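This report concerns only the one structure given below.
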Amino acid sequence: QGSDVTRNPQPTLWFYIPYSRESIQRLQFVLWDERERDLLLESPVAWSGEPGFWGITLPESLELESGQLYRWYFQVACTGNDSPEFDLSVNGWMQFWQGDSARADMTVLDLIAAGDWYDAIDLVVRSYARDPEAYQEQWLSVLDQLEANDLPIGLIGEPIRLDESR
């Protein structure tokens with residue numbers, strides 16, 4: 001809890017969605033304060049429907065506060081689900097630290113060593129999307145460290161900016 005840090009007040013979180021639009025009825029991203037008492041964001045995710053890695057970026061109006069711990073949920077309702085409940089939900093913790101911001105010259109390994117996992121993943125995914133040959137080894141290394149090396153490294157979609165709905 002709290003070990004996953006970002007230096008970006010509006011980070012992009014990356015998720016692998018293995019399903020196509022036909023299998024998914026709705027996607028939702030939820031952000032709470034650390035005690036899960038204050039709901040900061042509850043937003044549907046407007047996704048293209050293609051399987052692959054998709055980034056989710058907080059709305060422009062919502063910036064994380066330095067030193068604060070946040071709990072996020074990414075939720076999936078499958079086609080045919082008529083209940084308000086979700087079929088699949090993954091969650092995690094995130095902490096924003098202002099100060100020594102992620103400098104442009106920091107490598108993915110530098111960011112991981114500093115505990116800036118969200119920034120490291122964002123950097124390697126965007127780098128791989130631009131130049132797969134040059135960054136494939138780093139991308140596979142990050143997936144291995146996350147114990148997610150069984151995921152295919154195919155499509156990487158453009159990050160999705162969330163709406164301000166609550």
Side-chain angles (χ1 to χ4, degrees), residues 1-98 101-102 111-112 115-129 139 142-143 145-148 151-166:
Q1 177 179 336
S3 63
D4 296 330
V5 172
T6 180
R7 306 282 178 178
N8 184 346
Q10 293 182 322
T12 298
L13 286 71
W14 289 89
F15 299 93
Y16 179 70
I17 303 172
Y19 308 109
S20 65
R21 167 60 59 202
E22 296 79 36
S23 301
I24 296 180
Q25 183 171 310
R26 67 188 190 280
L27 299 173
Q28 178 174 273
F29 184 83
V30 179
L31 185 67
W32 290 89
D33 70 342
E34 69 180 298
R35 292 177 289 152
E36 295 189 60
R37 289 191 182 147
D38 291 328
L39 178 64
L40 305 174
L41 178 68
E42 184 174 25
S43 178
V45 177
W47 158 70
S48 76
E50 293 182 76
F53 286 91
W54 291 92
I56 296 176
T57 305
L58 297 181
E60 291 182 14
S61 63
L62 177 63
E63 288 194 359
L64 303 180
E65 293 181 32
S66 186
Q68 296 298 308
L69 190 60
Y70 299 89
R71 179 80 178 229
W72 58 259
Y73 292 84
F74 181 68
Q75 302 169 316
V76 179
C78 296
T79 302
N81 179 347
D82 295 328
S83 80
E85 300 298 317
F86 287 88
D87 297 302
L88 174 67
S89 180
V90 293
N91 64 81
W93 294 95
M94 174 172 49
Q95 192 166 27
F96 168 61
W97 282 109
Q98 198 168 16
S101 61
L111 291 167
I112 290 171
D116 296 348
W117 272 100
Y118 290 101
D119 302 332
I121 292 168
D122 188 43
L123 176 60
V124 76
V125 171
R126 290 175 193 260
S127 299
Y128 178 80
W139 181 218
V142 168
L143 287 175
Q145 289 183 53
L146 294 170
E147 298 178 5
L151 296 178
I153 58 170
L155 173 75
I156 296 177
E158 286 293 315
I160 301 162
R161 173 76 65 175
L162 295 174
D163 291 333
E164 299 176 28
S165 59
R166 206 142 93 123

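These figures come from a predicted structure and were not determined experimentally.
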Task: Value rounded to 0.5 Å, distance of OG in Ser23 from CG in Asp87 - done: 11.0 Å
Open item on the list: Tell me every residue that passes side-chain hydrogen bond (donor to acceptor under 3.5 Å, both in side chains) with Trp32, counting only those two or more places apart in sequence or in another chain.
Closed with: none
Task: Residues which pass salt bridge (Lys or Arg N to Asp or Glu O under 4.0 Å) with Glu36, listed by chain and number, not counting sequence neighbours - done: Arg71
Open item on the list: Looking at Pro59, is its backbone amide N or carbonyl O close enough to the side chain of Gln10 to form a donor-acceptor pair, meaning the two atoms are under 3.5 Å apart?
Closed with: yes
- [ ] Could you tell me whether Arg7 and Asp119 have a side-chain N and a carboxylate O separated by less than 4.0 Å?
- [x] no
Task: side-chain hydrogen bond (donor to acceptor under 3.5 Å, both in side chains) partners for Thr57, two or more places apart - done: Thr12
Task: Side-chain donor/acceptor of Arg26 to backbone N/O of Phe86, under 3.5 Å - done: no
Open item on the list: Taking ring-ring contact (aromatic ring centres under 6.0 Å, His included) as the definition, give me every residue that meets it alongside Phe74, ordered by chain and number, with sequence neighbours left out.
Closed with: Phe15
Task: Pairwise distance CG(Leu69) to CH2(Trp93) - rounded to 0.5 angstrom - done: 5.0 Å
- [ ] Applying side chain to side chain contact (heavy atoms under 4.5 Å, CB included) between Thr6 and each of Leu64, Leu111, Ile121, report the one that passes.
- [x] Leu64
Open item on the list: Minimum heavy-atom separation for Ala120 and Ile112, please, with both atom names.
Closed with: CB-CG1, 3.6 Å
Open item on the list: Return the CZ to CG distance between Phe96 and Leu58, rounded to the nearest 0.5 Å.
Closed with: 11.0 Å
TODO: State, yes or no, whether a side-chain contact exists between Val124 and Trp139 at a heavy-atom distance under 4.5 Å.
DONE: yes
TODO: Would you mind reporting whether Ile56 and Leu27 have side-chain heavy atoms less than 4.5 Å apart?
DONE: no
Task: Distance, nearest 0.5 Å, that separates OH of Tyr19 from CH2 of Trp47 - done: 10.5 Å
Open item on the list: For the backbone of Asn81 and the side chain of Gln25, can you confirm whether one donor and one acceptor N or O come within less than 3.5 Å of each other?
Closed with: yes
Open item on the list: If you define the side chain from C-beta out and look only at heavy atoms, does anything of Trp72 sit under 4.5 Å from Leu40?
Closed with: no
- [ ] Please assess Met94 against Leu31 for the test side chain to side chain contact (heavy atoms under 4.5 Å, CB included), listing each intermediate value before the final yes or no.
- [x] CA-CA 10 Å; Met94 174 172 49; Leu31 185 67; 4.1 Å; yes
- [ ] Look at atom OH of Tyr16 and say whether more than 12 heavy atoms of other residues, nucleotides or ligands are closer to it than 6.0 Å.
- [x] yes
- [ ] State, with a plain yes or no, whether a side-chain heavy atom of Glu42 is found less than 4.5 Å away from one of Gln75.
- [x] no
Task: For Leu88, all residues meeting side-chain contact (heavy atoms from CB on, under 4.5 Å), sequence neighbours excluded - done: Val76
Open item on the list: I'd like to check Trp54 versus Ser48 (side-chain heavy atoms, cut-off strictly below 4.5 Å). Are they in contact?
Closed with: yes
TODO: Find the distance between CD (Gln95) and CG (Asp116) and round it off to the nearest 0.5 Å.
DONE: 11.0 Å
- [ ] With sequence neighbours left out, write down each residue that passes side-chain hydrogen bond (donor to acceptor under 3.5 Å, both in side chains) with Glu22, or none if nothing qualifies.
- [x] Ser20
- [ ] Enter the distance from Leu162:CG to Leu62:CG here, rounded to the nearest 0.5 Å.
- [x] 9.5 Å
- [ ] Determine, for Arg126 against Asp122, whether the closest basic-nitrogen to carboxylate-oxygen distance falls under 4.0 angstrom.
- [x] yes
Task: Short side-chain to backbone donor-acceptor contact, Ser66 and Trp97, under 3.5 Å - done: no
